[in-house]
Structures are given as C-alpha cells and as structure tokens.
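Below, chains carry the letters A, B, ... as their sequence lines are ordered, and counting in each starts from 1. Just so it is clear, the structure is predicted and the values come from calculations on it, not from any experiment.
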Amino acid sequence: MMTRVVLQALLSHWWRRPLQLVTLLFGLALATGLWTGVQAINQEARSSYDAAAQALGQGDFDRLVAQGGALIQRQTFVDLRRAGWLVSPVIEGRYGRGEDRVTVIGLDPFTLPPSAGAPDLSDDNDLAQWFSDDGLIFVHPETQAALPDGLPRAIPNLSVAIGEVVTDVTTAWRLLEVDGFSHLIIAPQQPIGLTPLDDLIPSLERVRPDPAGDIAQLTRSFHLNLTAFGLLSFAVGLFIVHAAIGLAFEQRRGMFRTLRALGVSTRRLVAVLAGETLVLAILAGLLGIGLGYLVAATLLPGVAATLRGLYGAAVPGTLSLDPAWALSGFGIALAGAAAAAGQSLWQVAKLPILAPAKPRAWAMAMDRSQTRLALAALVLFAVTVVLLIFGSGLVAGFLLLGAFLLGAAFLLPWVLSRLLRLAAPLARGPITQWALADTRQQVPGLSLALMALLLALATNIGVGTMVSSFRLTFAGWLDQRLASEIYVTARDSQQSEDVRALLEGQADAVLPIRSTDIRLEGQPAQLFGVVDHPTYEQGWPLITALDTPWAQVASGQAVLINEQLWRRADLTLGSELALTADWALPIVGVYSDYGNPEGQAIVAQAELLQRFPDVSTLGYAARTDPAQVEALRAALIDIGVPAGNILNQAEVKTFSLDVFDRTFLVTAALNVLTLGVAAFAMLASLTTLAGLRLPQLAPLWAMGLTRRHLALVELARAVLFAAITWALAVPLGLILAWVLLAVVNVEAFGWRLPMFPFPFDWARLAIWAIVAALLAAALPAYRLARIAPAQLIKVFADER
Amino acid sequence: MLLTVDAVTKTYPGDTGPLTVLDAVSLSLSAGESLALMGESGSGKSTLLHLVGGLDTADAGTITLNGTVITGLDDRALAELRRTQIGVVFQQFNLIPSLTVVQNLAFHARLAGRLDETWVNTVSERLGLTTVGARYPEQLSGGQQQRVAIGRAIAAKPALLLADEPTGNLDEDTADTVMSLLVDLTKEANTGLLVVTHSQARAAALDRHLTLSKGSLA
C-alpha cells in the first residue's frame with residue numbers, strides 16, 4: 001500500500017511534465033534504436049558470411065589446394081580416388097562483369113561428403129538437366145533477380161550463398177573456360193590404411209577449414225567501424241537520458257525529502273525509483289527495438305552495396321528479424337538507463353532527511369562537476385597519447401578515437417565557461433552583458449546536450465573529411481590509372497581473337513587484361529600480367545619504387561605489388577615475393593590501389609601466361625584518339641561484341657565513382673542520424689530547462705524586457721552555443737580525420753590517404769548546426785514569447 | 001499627481017465563476033510620497049501592485065502614471081513603461097545570479113538608458129554594498145541581497161518604486177534597516193513608493209497607509 005502511495009507521488013511528476021517523460025523515453029529509445037540497428041545490420045551480414053563459408057562444406061572440411069593457387073589437374077583427382085581417398089572436386093571462378101558478377105562453384109554431387117549440402121536433385125528432370133550439355137544452376141532467390149547473361153536455367157535455393165552459383169563441374173568449366181579444380185574437399189571419415197597424402201601428391205597443400213572465411217576477415221574492420229558508430233550514437237543518446245533522469249531527480253528532491261519525513265524508508269524510496277527507471281527502460285527498449293528495426297531496414301541496402309563495392313561480399317538487402325539483436329537492444333536500454341540513473345539513485349540513498357526542501361539548482365550542481373570532468377578529460381587525453389605511441393591494430397585505433405573524443409567532450413563545459421568569461425568584458429549594452437553572463441550560467445545545464453553536439457559535429461567533420469579526401473584521391477587516382485580510352489570484354493575466346501585483331505588494326509595500342517586469382521603471403525590476391533607499354537609507367541602512381549621498376553617488370557625479372565599487400569604482409573622493396581611454389585620475384589615497386597580489398601601483384605604478361613596458361617583472355621584495354629572511341633565502339637559492336645561489354649574511359653570512371661559514392665552512403669546516413677540525435681538532445685535540454693528558467697527571466701520582464709525580446713535572446717544563445725561548439729568541433733574533427741586516415745584506414749583497408757581540407761563542407765555543417773540549434777530552441781523560445789504574463793507574475797506570487 | 005488609480009477592477013476565473021480580486025479601487029500617490037498597502041492574504045494587494053507596475057492588465061478603470069494612462073497600453077508600451085518609469089523590489093530579491101553586485105546595481109539603469117555612475121555609487125554606499133561589489137548574489141546574505149535589489153531599482157531613478165513584501169524574508173532588525181533605507185533613498189530621489197506589507201511596524205515608517213479587504217479599500 002505504502003509503495004503504491006509513494007509510486008503515485010513519484011509518478012505525479014511525470015503527469016505534470018509529459019514532455020520531459022517523452023524526452024526521456026525517446027532519448028533512450030533513440031540511443032537503443034541506433035545501437036540495435038547497427039547490431040542488426042552486423043548480424044545480418046555475419047549470417048551471410050557464415051552461409052557463404054558453410055556453403056558446400058567450405059567451412060567444415062579440410063581441403064587440398066595447389067600451391068600458388070594453380071588449378072589441380074583432373075588426373076590428380078583420379079589418382080587420389082584410385083588410392084582410396086574420399087575427395088570431392090570443386091572448381092570456383094568469377095563469371096560476368098560489374099554488379100552482376102557471380103561466383104560460379106562447380107561440384108560433383110556424387111563424391112561430396114553427405115553433410116556438405118549437395119543441391120537437391122531428387123527431381124528427375126533436374127537431375128537430367130544437371131548433367132546435360134546445357135547444365136543447371138542453383139542460386140539464392142536474391143541472386144536470381146540479377147544474373148549475368150549466358151547462364152543455364154536457374155533453380156532458386158535458399159541454402160546457396162548470395163552471389164554464388166552452384167552447378168556441375170563440367171558446366172562450371174564451360175562457363176569459366178577452364179579445365180581443372182580449384183580445390184578438393186577431403187571427407188572427414190576416410191578408409192584405414194591409406195597412403196599419406198604427402199607421399200601421394202606432395203605438390204598439394206592440405207588447408208584446415210576457416211570457420212570465418214576470407215570475407216568475414218576482410219569485412220571485420222567495416223563492422224567494427226559500424227559498431228563504433230553505433231556506440232557513438234548510443235553515447236550521444238545516453239547524454240540525453242542522463243540529462244533527463246538527472247533533471248527529474250533534482251526536480252523531485254523536495255518530494256523525496258517530504259516522503260522521507262513522512263516515514264518512507266530510504267530503501268523503499270530507492271527501490272521504487274529503481275522500479276520506475278526499470279519500467280521506463282523497458283518501454284524505451286521496446287520503442288528502441290522498433291526504431292532499430294526501421295534504421296536497419298533503411299540502411300541495409302546501403303550497407304549491402306558498401307560490402308559489395310568494397311569487399312565483394314554478398315549480403316541480402318532485406319532484413320530478417322533476429323531475437324538475438326532484439327534482446328541485445330533490451331540489454332543496452334536497461335544498461336543505459338542504469339548507467340544514467342545510478343548516480344542519481346546513489347544521491348537519493350545518501351540524501352539527508354533535513355536537506356533543503358528547495359531543489360538544489362541543478363545547473364549549479366553541474367557546475368561543480370565541470371572541474372571533475374576537465375580532470376577526467378586530461379586522463380583520457382593521456383590515454384590517447386599512450387595509445388598513439390604504444391597501440392597497434394584496429395581496436396587500439398578505435399579506442400584511441402574513443403578516448404580522444406570523450407576527453408574532448410568532457411572538456412567542453414570547462415572551455416565554454418572560460419571562453420564566455422573572457423568574452424564578458426567585451427559586452428557593451430546591459431542586455432548583451434546579461435545574456436553573456438547568463439549564457440555562462442546555462443553552460444552546466446546544457447553541457448550534456450552540447451557534449452552530444454560536439455561529438456556529432458566532430459564525427460561529421462572527421463568522417464566527412466576522411467570520405468571527401470578519399471574521394472578526391474580516388475578520383476585523381478582514377479584519372480591516372482584509367483589511362484586507356486576504351487575497355488572491352490569479349491564474349492568467348494573466339495571473339496577475343498577477333499577483338500584483338502580489330503583493335504590492333506584500329507587502336508594506337510592494345511593492352512590485353514590478363515589476371516588470375518592466387519594466394520600471396522597466405523592472403524587471397526590477384527596476379528596481373530601487363531605488356532610493355534609506356535601507359536603503365538605514365539599512369540600508375542607508385543608510392544615507392546626502386547630504379548626503372550616497369551622496365552624490370554617488363555623483362556620478367558620483377559614484380560610490383562599494391563599498397564594493401566605491401567602493408568598487410570609487411571613486405572619491403574627488393575625482397576622476394578613467392579608467386580607460386582617455384583616462382584619468386586623481387587619487389588621493385590608499390591602502387592596505390594584504392595577500392596580493392598585484396599592484395600594484388602603485377603608481372604610481365606608473357607610470364608603470367610606461361611605459368612598460368614588457363615587465365616581468361618577476354619579482356620582488353622586500348623589506347624586511341626578520344627575522337628575515335630565511338631567509331632571503335634561501333635566497329636566492335638559490328639563484330640558481335642555486346643554493347644554492354646564495351647566501356648569508354650568516362651563510363652568506367654563514372655561507374656567507379658558511383659560505386660564509391662554508394663559505398664559511403666551509409667556513413668553519410670549515420671552522420672545525419674547522429675547529428676539528429678544531438679539536435680534532439682539540445683531540444684530536450686532546452687525544453688526541460690525552460691521551466692526552470694522562468695524565475696530568472698521574470699525579473700527581466702518586470703524590468704521592461706518584452707517576452708519577444710527574451711525569446712530572441714534565448715534563440716541567440718542557442719545559436720551562440722552551436723557556433724562555439726562547431727568552432728571547437730572543427731579542429732577536433734580534423735584530428736579525428738587524421739587518425740582515421742593515418743591509423744584506422746591503414747589497419748582496416750590497407751591504404752593510407754592524403755588529407756585534404758574541405759572548408760565549404762565545414763561551413764555547410766556550421767549552418768546545419770545552427771539550424772539544428774535554432775530548431776531545438778524554437779519551441780521553448782516560442783513558448784516564452786507567448787507565455788501569459790500571469791505565468792511570469794506567478795513567479796513573484798509563488799514567493800509567499 | 002504621480003500616480004492615479006481610478007475605479008480599477010480585476011477578476012480572475014474561479015471554480016465557481018469569476019472571482020473579483022479588486023473591486024473599483026481608487027487611490028493616488030505624489031512624487032516623493034510613500035504609501036503602504038496592507039491587508040490580509042488574498043485581499044488583492046499584490047494584484048493592485050502588479051496592475052500599477054504594468055505587469056498585469058485591469059478589467060475596468062484607469063491607472064495614470066506621470067500623466068500617461070497605462071491601462072490599455074500594449075505589451076511593447078508596457079515593457080517600455082516598466083523599463084523607464086517603474087522600479088520593482090520583490091520579496092525574493094530576484095537578482096540576476098550571473099551578474100556581480102555592481103553589475104546588478106547598474107543593470108536596470110543601463111536598461112533604461114540613464115546610467116548615472118555617481119548616483120549608482122551613492123546608492124551603493126548608502127546601502128553599504130561597496131565592499132561586496134565584486135561578489136555574486138549567491139555569496140551574499142538575505143539582507144544584503146535585498147539591499148542590492150532596492151539599489152538596483154533606485155539606481156534606475158524610476159518615477160515610481162513598487163515593493164512587494166520587500167522585508168518579508170528578513171529578520172526584524174534587518175527589515176527595519178532595509179525599510180528606512182528604502183524610504184530615505186526614494187525621498188532623496190523624489191520617487192513615489194508603494195509598498196505591499198503585512199507588517200504594521202513597516203507601514204508605520206511610510207507617509208500613509210491604506211488597507212485592502214476583499215478587493216476594496218477599507
């Protein structure tokens with residue numbers, strides 16, 4: 001009974017202040033929503049990687065691979081089977097171009113281990129077609145929607161990974177124009193007494209299953225990036241919740257004292273307050289999970305595009321509801337509410353029964369914490385420096401960023417107070433003097449919202465600078481790298497000969513594009529063969545090189561590698577790089593290769609074709625007078641090359657930049673969301689503080705300032721806060737950008753980028769920040785401008 | 001005549017119909033004169049003070065200050081009136097916490113656009129505030145804070161000073177000191193003084209006193 005009465009009294013606070021309740025619930029829901037949304041996206045992507053890794057037993061079974069990534073001969077497979085080894089052949093390769101490119105996996109259903117998930121061929125028609133000349137493929141329904149031309153009839157199958165095509169080995173050979181196997185799956189149960197594999201086929205290497213798969217490894221950094229963004233949003237949201245809960249506790253101090261004086265025990269009071277917080281957290285958690293689902297469903301197509309563009313990883317564009325992330329959302333809502341309410345509950349537990357009934361000025365209490373926060377900031381900066389000197393790896397990079405950003409946020413109230421104190425003597429008129437002094441006094445009350453704004457603005461500037469620097473570098477690099485005027489892919493090897501003949505007759509130079517997938521330094525990589533032509537020397541930007549690198553490559557005596565391989569494998573110029581088991585060349589140069597997740601190496605084309613005679617010979621680049629491009633295109637179409645297989649330089653650049661822009665759409669969306677959360681934090685703080693400010697504003701009104709005038713001062717104050725916070729966020733954001741470019745990017749993608757300033761973007765962000773602040777201040781200011789004089793008089797009447 | 005209140009009526013909506021707080025109240029006040037307004041709680045004293053100060057508007061009747069009829073003025077004109085003609089001292093002092101004592105003292109005068117440094121210093125001296133000029137309101141005692149509030153109002157040289165229970169939060173000795181300072185300074189400045197008070201002793205220090213009862217002058 002007593003608990004009910006206490007609860008009624010406590011809840012009456014929320015009935016009187018519904019907007020504060022909405023603020024609290026929405027703040028926690030926003031924080032939970034963004035966190036949950038990001039988790040849902042990560043979960044969805046990981047499920048896809050798992051599906052890809054598990055498909056056809058690649059994640060579960062040992063495999064035999066040829067050293068250097070060469071194909072395994074058919075005869076080797078036959079020899080192993082004859083020796084009693086239960087092995088099953090798989091051929092893998094890429095088919096199609098651009099967005100529609102798929103991974104073709106050819107397998108033999110009769111020799112696959114039973115648990116490897118062979119496609120269902122129980123239908124006689126399917127079985128017949130599987131082995132027919134036309135063949136049959138199984139694909140995920142999402143892949144089926146955008147298959148490249150020239151594939152056999154497709155049957156949708158949910159167990160096939162997205163972006164993959166499963167078919168018979170012979171069909172795969174035909175599609176990929178190869179003969180041999182990428183690897184052999186070794187069944188887990190083998191007959192006893194077999195000849196050891198090392199004795200039978202010493203040239204093959206036994207590879208243990210990789211449960212995560214290459215894609216999962218590659219994309220780890222991307223997901224860590226998303227998680228960091230999610231955490232940032234959650235932290236920003238927590239600032240709102242902390243402010244709202246802290247304020248609600250402060251406003252009820254008088255009530256707490258009265259309840260205690262009326263015989264309610266501290267334990268009961270704290271328990272009821274904790275229960276209230278729990279109920280609020282559950283409500284906000286439910287709302288947050290709903291929001292999270294919306295966020296994830298909205299962002300997932302963009303994330304899928306990013307993963308496809310950056311890593312070639314296939315992730316579905318639609319979201320499935322997973323109880324795991326819903327539960328984690330609840331957990332984070334409860335943890336967030338507990339973290340925000342913990343300090344206040346502790347204070348209630350320690351509240352002396354004879355404490356002043358008048359609510360302690362919340363802002364004044366916050367003022368005392370300024371110094372403590374500034375000290376905490378110094379500790380965090382020290383952590384930043386330690387991590388900068390001694391830390392290594394991606395996690396250390398993000399920890400460094402977190403410590404630095406949080407430190408800067410903690411320092412903000414102290415810096416703002418000092419700045420406003422310094423500005424005070426500059427005030428001329430009494431209103432300006434009052435406004436500046438009053439603004440300084442508002443800093444503690446608004447500090448949590450301003451910290452959130454600072455974090456959001458700095459992140460926007462930092463990430464924006466990183467992305468824009470990346471884009472500028474990428475565009476410049478494309479201009480150099482895509483020197484050829486036209487790019488052609490023949491339909492088959494017969495047409496390839498026709499294309500070559502035509503180009504040799506009409507273009508200034510023909511640069512055949514020849515490459516193969518291999519493993520270099522234990523990582524998936526591509527090996528390119530180039531012909532000797534000045535285009536490469538003039539167009540390929542080298543980061544570092546020995547003397548005459550291209551001439552050495554052309555002579556077949558050296559190899560060039562991309563920056564990713566160079567950094568990841570920690571290679572040095574002049575050292576030997578093993579390309580296959582019996583082929584190693586010295587590294588003579590490193591080139592930048594943005595947008596490519598994998599390692600890459602360049603050798604002389606003749607050497608490549610000699611070592612890998614099966615490589616695709618369909619691609620060509622050609623140098624010609626730009627005015628002749630259209631004529632050349634028409635001639636190529638005349639000999640039967642599909643129009644879609646001919647791209648001019650501009651089209652390739654546009655396509656590449658389009659992929660780039662889509663890749664960073666998610667980042668932009670998260671940037672906007674974080675800024676939105678910060679704006680909401682300001683709205684929440686200004687709205688809740690507005691009620692507390694009437695006693696301070698009423699005397700000014702009594703002294704002859706109009707309500708409209710006071711409202712304008714409130715608006716100006718919000719603008720001033722936003723402008724100062726923005727000004728502080730610019731250097732902070734630039735440091736963040738530097739860390740992202742010089743530390744995180746190198747760890748995550750393997751390339752280091754130059755940093756460029758984008759003052760126009762900062763100016764635009766300043767406008768956004770001011771607009772957000774104006775919007776946040778608009779409602780409280782409007783209310784003040786329209787407040788009934790009776791309300792202001794009441795301030796004086798309430799005195800008795 | 002500095003102030004003329006003529007048949008002023010004010011009603012508020014109540015649970016059982018309109019509640020008449022002031023019923024055709026009339027009074028007048030000369031420049032430099034002081035008047036105590038007394039009466040029980042709810043008699044309409046503060047409402048009358050608010051109407052005279054342009055903080056609230058009357059339903060009927062007229063209020064004339066320095067020859068200007070203020071009833072019927074719009075929001076902007078009322079604000080101008082409060083800024084330039086009227087000083088108000090509240091029971092809870094209502095100082096600006098973010099400004100120092102010196103800044104608070106000069107504040108209303110600067111708002112009115114007639115800051116007289118010499119007069120502000122004189123007021124500060126007379127009120128015994130010179131040693132605490134650099135302090136903030138929260139660092140002062142209640143009596144000191146009320147002296148700053150009085151000083152702020154008088155430093156602006158208003159034609160009329162309104163004080164609503166200015167000594168209500170002070171002990172007897174401090175209240176006596178504050179009230180006599182208030183009366184002396186307004187006399188010096190030839191400012192009319194209208195004080196709402198419950199205390200007979202405080203009222204006795206003023207030139208005249210009137211008692212309100214249930215919205216009418218007794």
Notebook entry, point to check: Quick one: what part of A/Arg421 sits under 4.5 Å from any heavy atom of chain B, side chain, backbone, both or neither?
Noted result: neither

Notebook entry, point to check: Is it true that atom CD of B/Glu172 has more than 12 heavy atoms of other residues, nucleotides or ligands lying nearer than 6.0 Å?
Noted result: no

Margin query: Once side-chain contact (heavy atoms from CB on, under 4.5 Å) is applied, do any residues pair with B/Asp171, and if so which ones, sequence neighbours excluded?
Written below: B/Asp173, B/Thr174

Notebook entry, point to check: So which residues of residues 101-122 of chain B are in contact with chain A at a heavy-atom cut-off of under 4.5 Å?
Noted result: B/Gln103, B/Phe107, B/His108, B/Arg110, B/Leu111

Note to self: Could you measure the distance from the CD1 atom of A/Ile793 to the CG atom of B/Asp164? Nearest 0.5 Å is fine.
What the structure shows: 11.0 Å

Next item on the list: Count the heavy atoms belonging to other residues, nucleotides or ligands that lie under 6.0 Å from CH2 of A/Trp14, then report whether that count exceeds 12.
Entry: yes

Next item on the list: Can you see which heavy atom on B/Ala79 is nearest to which on A/Thr706, and at what distance?
Entry: CB-CG2, 3.3 Å

Next item on the list: Mark yes when over 12 heavy atoms from residues, nucleotides or ligands other than B/Tyr12 sit less than 6.0 Å from its OH; otherwise mark no.
Entry: yes

Item checked: Interatomic spacing from CZ in B/Arg76 to CZ in A/Arg707 - rounded to 0.5 Å -> 11.5 Å

Note to self: Quick check for you: among A/Pro695, A/Pro430, A/Ala790, which has the greatest number of heavy-atom pairs under 4.5 Å with chain B?
What the structure shows: A/Pro430

Item checked: Most contacts with chain A, counted as non-hydrogen pairs under 4.5 angstrom, among B/Ile86, B/Thr84, B/Thr57, B/Asp56 -> B/Asp56

Notebook entry, point to check: Is a donor on one side and an acceptor on the other found under 3.5 Å between the side chain of B/Arg82 and the backbone of A/Trp701?
Noted result: yes

Checklist line | Least distance between heavy atoms, B/Leu55 atom then A/Pro789 atom | finding: O-CB, 3.7 Å

